[in-house]
Asks: 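Take a look at this one; I'll ask things after.
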Amino acid sequence: MRIITVLKHDLRFQFRHKFYHVYLIISLIYIALLLNLPGDLRTFIAGIIIFPDPSMLGFTFISAIILLEKENNILESLFVTPLKLDEYIIAKLISLGLISLFSSLFIAIATIQSRVNYFLLISGIILAALTLFIVLQQQ
């Protein structure tokens, strides 16, 4: 239950700080670039963009999140709550994973439409986002 509460606050925090707006612009740039490529090359390059993108999104936004949370003294407040560090990290993983998932699906639908196995695409995006969680857990 705490994870859901933290997730809601995290999503609000990210929306307030325009993370979704920034990633919408990045996604639109990817789409514009991909639509200017021929069909077979577009499919190949889309795969190169879509699958590493969730990890890169996480690494980029995590640094911004850390700076914003330090500025707002959020991290200090977390240590006096019953929230566990794992719950905090899982909420971050889910919120950033959702941005990655929706962005990647948006890019795939806009550029390569029917040439996609969406089950495999969604599974791959989730696994790519999980690599970020694994890296964070090891540090």
Side-chain angles (χ1 to χ4, degrees):
M1 191 65 179
R2 287 187 296 207
I3 290 178
I4 294 171
T5 303
V6 173
L7 180 61
K8 287 178 188 176
H9 288 291
D10 201 34
L11 291 171
R12 266 190 248 129
F13 178 82
Q14 292 169 3
F15 191 78
R16 184 177 345 123
H17 290 287
K18 310 278 191 246
F19 283 35
Y20 300 102
H21 300 87
V22 168
Y23 223 73
L24 176 64
I25 292 168
I26 292 170
S27 297
L28 290 172
I29 291 169
Y30 284 155
I31 290 168
L33 292 172
L34 288 170
L35 288 176
N36 287 312
L37 298 173
D40 292 337
L41 184 60
R42 179 185 308 159
T43 305
F44 177 72
I45 299 297
I48 292 173
I49 289 173
I50 289 172
F51 286 109
D53 189 54
S55 296
M56 294 311 299
L57 167 103
F59 285 120
T60 304
F61 281 177
I62 280 178
S63 58
I65 288 170
I66 289 171
L67 291 173
L68 288 168
E69 287 180 348
K70 279 185 179 182
E71 183 180 305
N72 293 324
N73 296 323
I74 292 173
L75 297 176
E76 290 82 7
S77 302
L78 286 176
F79 291 115
V80 297
T81 66
L83 184 68
K84 296 177 184 170
L85 184 58
D86 287 345
E87 294 170 332
Y88 173 75
I89 292 174
I90 289 170
K92 292 284 182 213
L93 171 71
I94 293 170
S95 65
L96 292 174
L98 288 173
I99 297 173
S100 297
L101 181 63
F102 291 129
S103 171
S104 298
L105 286 173
F106 179 53
I107 292 168
I109 290 168
T111 59
I112 51 179
Q113 297 114 7
S114 63
R115 291 179 269 185
V116 177
N117 180 331
Y118 286 99
F119 174 76
L120 290 178
L121 177 67
I122 291 169
S123 300
I125 293 165
I126 291 170
L127 289 173
L130 284 175
T131 59
L132 179 63
F133 179 69
I134 293 167
V135 168
L136 286 175
Q137 287 292 82
Q138 292 177 352
Q139 293 182 1

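Values below: every heavy atom of this structure, side chains too, minus hydrogens, waters and symmetry copies. Fair warning: this is a prediction, and the values are worked out from it, not measured in the lab.
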Asks: For Asp40, does the CG atom have more than 12 heavy-atom neighbours from other residues, nucleotides or ligands under 6.0 Å away?
Replies: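 No, the 6.0 Å shell around CG holds no more than 12 heavy atoms from other groups.
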
Asks: Taking all non-hydrogen atoms of both residues into account, name the closest pair between Pro82 and Arg2 and its distance.
Replies: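 Minimum heavy-atom contact is O-NH1, 3.0 Å.
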
Asks: List the atom of Ala91, the atom of Asp10, and the distance in Å for their closest heavy-atom pair.
Replies: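 Here Ala91 and Asp10 meet closest at O-OD2, 3.7 Å.
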
Asks: Let me confirm one number: the CZ-CG distance from Phe106 to Leu28, rounded to the nearest 0.5 Å.
Replies: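 These two atoms lie 5.0 Å from each other.
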
Asks: Give the minimum heavy-atom separation between Thr111 and Arg42, together with the two atoms involved.
Replies: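 Reported closest heavy-atom pair: O-CD, 3.2 Å.
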
Asks: Rounded at 0.5 Å granularity, tell me how far OG in Ser100 sits from CD1 in Ile50.
Replies: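 With rounding to 0.5 Å, OG (Ser100) is 11.5 Å from CD1 (Ile50).
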
Asks: Out of curiosity, does Leu67 fall in the hydrophobic cluster containing Phe19 (side-chain heavy atoms, cut-off under 4.5 Å, transitive links)?
Replies: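 Shared cluster, no.
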
Asks: Just wondering, more than 12 heavy atoms not from Phe119 lying within 6.0 Å of its CZ?
Replies: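 Incorrect, the count does not exceed 12.
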
Asks: Are Leu120 and Ile45 in one and the same hydrophobic cluster, where Ile, Leu, Val, Met, Phe, Trp and Tyr link if side-chain heavy atoms are under 4.5 Å apart?
Replies: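 Leu120 does not cluster with Ile45.
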
Asks: For the residue pair Ala108 and Leu121, what are the closest heavy atoms and their distance?
Replies: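 Residues Ala108 and Leu121, closest heavy atoms: CB-CD2, 3.7 Å.
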
Asks: Could you give the distance from CZ (Arg16) to CG (Asn72), rounded to the nearest 0.5 Å?
Replies: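 Spacing of CZ (Arg16) from CG (Asn72) equals 7.5 Å.
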
Asks: Find out if a path of hydrophobic residues (ILVMFWY) with successive side-chain heavy-atom gaps under 4.5 Å connects Ile112 to Ile48.
Replies: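 Hydrophobic grouping puts Ile112 with Ile48.
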
Asks: Do Phe44 and Leu37 have side chains that approach each other closer than 4.5 Å (heavy atoms only, starting at C-beta)?
Replies: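 The answer is no, as the side chains (C-beta and beyond) never meet within the 4.5 Å cut-off.
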
Asks: Could you tell me if the ring centre of Phe13 sits under 6.0 Å from that of His17?
Replies: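 Yes, ring centres under 6.0 Å apart.
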
Asks: How long is the gap from CG on Leu98 to CG on Leu93, to the nearest 0.5 Å?
Replies: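 Answer for the CG-CG pair, Leu98 versus Leu93, is 9.0 Å.
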
Asks: If you round to the nearest 0.5 Å, how far is OH of Tyr23 from CD1 of Ile99?
Replies: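 So the CD1 of Ile99 and the OH of Tyr23 are separated by 9.0 Å.
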
Asks: Using the rule side-chain contact (heavy atoms from CB on, under 4.5 Å), only one of Ile26, Ile31, Ile25 pairs with Ile29; which is it?
Replies: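 Exactly one candidate clears the test, Ile25.
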
Asks: Working to the nearest 0.5 angstrom, can you tell me the gap between Ile89 CD1 and Ile3 CD1?
Replies: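 Result: 11.0 Å between the selected atoms.
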
Asks: Could you tell me if the side chain of Tyr20 sits less than 4.5 Å from the side chain of Leu11, heavy atoms only?
Replies: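 They are in side-chain contact.
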
Asks: Assigning hydrophobic clusters by single linkage (Ile, Leu, Val, Met, Phe, Trp, Tyr; side-chain heavy-atom cutoff under 4.5 Å), is Leu41 placed with Leu33?
Replies: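 No: no chain of side-chain contacts under 4.5 Å links Leu41 to Leu33.
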
Asks: Do the side chains of Ile94 and Ile4 join up, straight or via other hydrophobic residues, at under 4.5 Å, putting them in one cluster?
Replies: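 They do not share one cluster, since no chain of ILVMFWY contacts under 4.5 Å joins Ile94 to Ile4.
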
Asks: Would you say the side-chain atoms of Ser104 pair up with the backbone N or O of Leu101, donor to acceptor, closer than 3.5 Å?
Replies: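 Answer holds: no.
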
